[in-house]
Structures are given as C-alpha cells and as structure tokens.
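Worksheet for the structure shown next.
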Amino acid sequence: YLENSFKQQRIFSAYYGQGGEREVTTDEMQTALAEFYAKADVMVIQKQSGEEGETIKAQADGYLNRVKAGEDIYDLIFEQEKAAYDEAIKEDPELELEEPVRPENDSRMVIFNESNRGQYSSALIDAALASTPGEPILVEDTTFYYILNPRDINEDPNTLLAYYDNVLQ
C-alpha cells in the first residue's frame with residue numbers, strides 16, 4: 001500500500017508539482033489556499049447561563065467592538081485572562097494560580113479548513129471559512145463565544161509552503 005501510494009504521489013507531482021508538465025502556478029495555489037483555508041486570531045470566551053450569561057455575551061460584544069476599532073486582540077486576550085485570574089484570587093486568596101502573561105502574537109492564530117471538523121465546532125469552522133480578512137466577527141456555538149480576527153491566509157509565504165501538498169491535491 002505505501003509503495004503504491006508513494007508512486008501515485010510521485011506521478012501526480014511529476015505532472016502538477018513544481019517543474020511538472022502541467023505545473024500549477026503560485027497564483028493558482030494562493031487562490032486555492034484562500035478558497036479552502038482560513039487564518040484567524042481567536043479569542044475564546046466560555047458561555048454561562050442565566051443573568052451571568054447575559055453579562056458574558058455583553059462582554060463578548062464589547063471585545064468584538066474593540067477589535068473592530070483596532071485594538072490588538074492579544075492585548076484583549078490578556079485583559080480577559082487577567083480579569084479571570086483576579087476574580088479567582090479575590091474569591092479564594094489561598095488559591096495557587098500562575099498569573100497570566102500576555103500571549104505572544106500568533107500564539108492564538110488558527111488555520112481552519114474542512115479537516116478541522118473533529119477539532120473545532122462546525123459553527124466556528126463555517127464562520128472562519130466564510131470570513132473576510134480584516135473584518136472581525138463574533139461566532140457562537142453551544143459552549144463558547146469566539147472573537148475571530150480573520151487574516152489573509154497568504155500574508156506569510158511559508159503558509160503556502162506548509163500546505164502546498166494539501167492544496168495541490
């Protein structure tokens with residue numbers, strides 16, 4: 001099986017890969033990458049029920065508006081995590097928790113495609129794939145609110161290199 005699969009891949013690459021008889025251009029690959037993949041920074045907010053749930057929804061809307069206004073989503077993620085930390089310590093001063101630090105840029109960036117359906121909710125994947133770079137959105141599933149800050153999947157040439165074989169197929 002592996003030998004046959006390897007041979008099929010070599011034949012396919014000989015035709016359609018770089019330098020192949022019917023080579024797919026970089027522009028075509030970038031277009032396909034943007035069509036089937038999405039890239040976004042993601043802020044996750046746990047949903048609650050009742051009155052607290054309404055407060056959490058208002059907070060999610062507030063974070064979305066702030067990202068839309070140009071605030072850095074990573075600063076907001078840190079703000080959210082710091083507030084949760086402060087609240088937990090306030091409730092139980094004996095609690096031993098590690099104080100949060102600002103997440104590194106790109107540390108909460110996710111590349112979405114159809115194969116993520118087992119890892120993320122369908123609502124999140126559908127919204128990410130339908131999103132437009134530069135237009136932050138709020139997504140909701142049964143458990144979480146997500147602030148997505150969509151980015152251009154082709155902004156980093158290494159992304160195409162990393163997904164080249166998947167996109168070519």
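Counting from 1, the numbers follow the sequence of the chain as shown.
The structure places CZ of Phe36 at 12.5 Å from OG of Ser115, a figure rounded to the nearest 0.5 Å. Here Glu35 contributes atom CD and Leu129 contributes atom CG; the two are 10.5 Å apart, rounded to the nearest 0.5 Å. Within the model, atoms OG1 of Thr143 and CD1 of Ile45 stand 14.0 Å from one another, a figure rounded to the nearest 0.5 Å. Rounding to the nearest 0.5 Å gives a distance of 9.0 Å between CG of Leu76 and CD of Gln80.
Hydrophobic cluster membership differs between Val42 and Tyr37, with clusters built from Ile, Leu, Val, Met, Phe, Trp and Tyr side chains linked at under 4.5 angstrom. By the criterion of side-chain heavy atoms lying less than 4.5 angstrom apart, applied directly or through intervening Ile, Leu, Val, Met, Phe, Trp or Tyr residues, Ile125 is grouped together with Leu148 in one hydrophobic cluster.
Looking at Glu140 and Tyr146, their side chains never come closer than 4.5 Å, going by heavy atoms from C-beta outward. Residues Tyr163 and Ile111 have side chains in contact (heavy-atom distance under 4.5 Å, counting atoms from C-beta outward). Leu138 places a side-chain heavy atom less than 4.5 Å from the side chain of Lys57. Using a 4.5 Å cut-off on side-chain heavy atoms (C-beta onward), Leu64 and Pro136 make contact.
In this structure, Ala32 and Val167 approach most closely via the heavy-atom pair CB-CG1, 3.5 Å. When all heavy atoms are compared, the tightest approach of Val139 to Ala123 is CG1-O, 3.7 Å. The two residues Met109 and Tyr74 come nearest to each other via the heavy atoms N-OH, 3.4 Å. Of all heavy-atom pairs spanning Ala127 and Ile137, the tightest one is O-CD1, 3.9 Å. Across Ile147 and Ile73, no two heavy atoms sit closer than the pair O-CD1, 3.9 Å. Residue Ile153 comes nearest to Ala34 through the heavy atom pair CG2-CA, 3.5 Å, listed as atom of the first residue, atom of the second, then distance.
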Worksheet entry | Test salt bridge (Lys or Arg N to Asp or Glu O under 4.0 Å) applied to Arg66 and Glu79, step by step | CA-CA 12 Å; Arg66 291 171 64 188; Glu79 178 183 302; 2.8 Å; yes
Discussion item. Determine whether Arg117 and Asp126 satisfy the following criterion, side-chain contact (heavy atoms from CB on, under 4.5 Å), listing intermediate values before the conclusion.
Written reply: CA-CA 9 Å; Arg117 292 215 181 262; Asp126 292 343; 2.5 Å; yes
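For the side-chain contact (heavy atoms from CB on, under 4.5 Å) criterion with Ile56, the lone passing option out of Gln46, Lys47, Gln48 is Gln48.
Crowding of Glu87 atom CD: a count of heavy atoms from other residues, nucleotides or ligands under 6.0 Å exceeding 12.
For the residue pair Tyr120/Asp141, the side-chain donor-acceptor check at 3.5 Å is not satisfied. For the residue pair Glu28 / Thr25, a side-chain donor-acceptor distance below 3.5 Å is found, with atom types taken as modelled. Remark: the Asn105 side chain and the Arg102 side chain contain an N/O donor-acceptor pair separated by less than 3.5 Å.
The side-chain tip of Lys39 does not point at the ring of Phe112 from less than 6.0 angstrom away and within 45° of straight on.
When atom types are taken as modelled, the side chain of Asn116 and the backbone of Asn113 share a donor-acceptor pair closer than 3.5 angstrom. Judged by distance alone, the side chain of Asn154 and the main-chain N or O of Gln30 form a donor-acceptor pair under 3.5 Å. A donor-acceptor pair is defined here as one N or O able to donate and one able to accept, closer than 3.5 Å; no such pair exists between the side chain of Ser107 and the backbone of Pro103. Judged by distance alone, the side chain of Glu54 and the main-chain N or O of Glu51 form no donor-acceptor pair under 3.5 Å.
With respect to the salt-bridge test (charged N to carboxylate O, under 4.0 angstrom), the residues Asp75 and Lys82 do not qualify. A salt bridge links Arg108 with Glu81: the distance from a Lys NZ or Arg NE/NH1/NH2 to an Asp or Glu carboxylate oxygen falls below 4.0 Å. Salt-bridge annotation for Lys68 and Asp61: absent, with no side-chain N of the basic residue lying under 4.0 Å from a carboxylate O of the acidic one.
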Under 3.5 Å, sequence neighbours excluded: what are the donor-acceptor pairs made by side chains of residues 88-98?
from, atom 1, to, atom 2, distance (Å)
Asp92, OD1, Glu94, N, 3.1

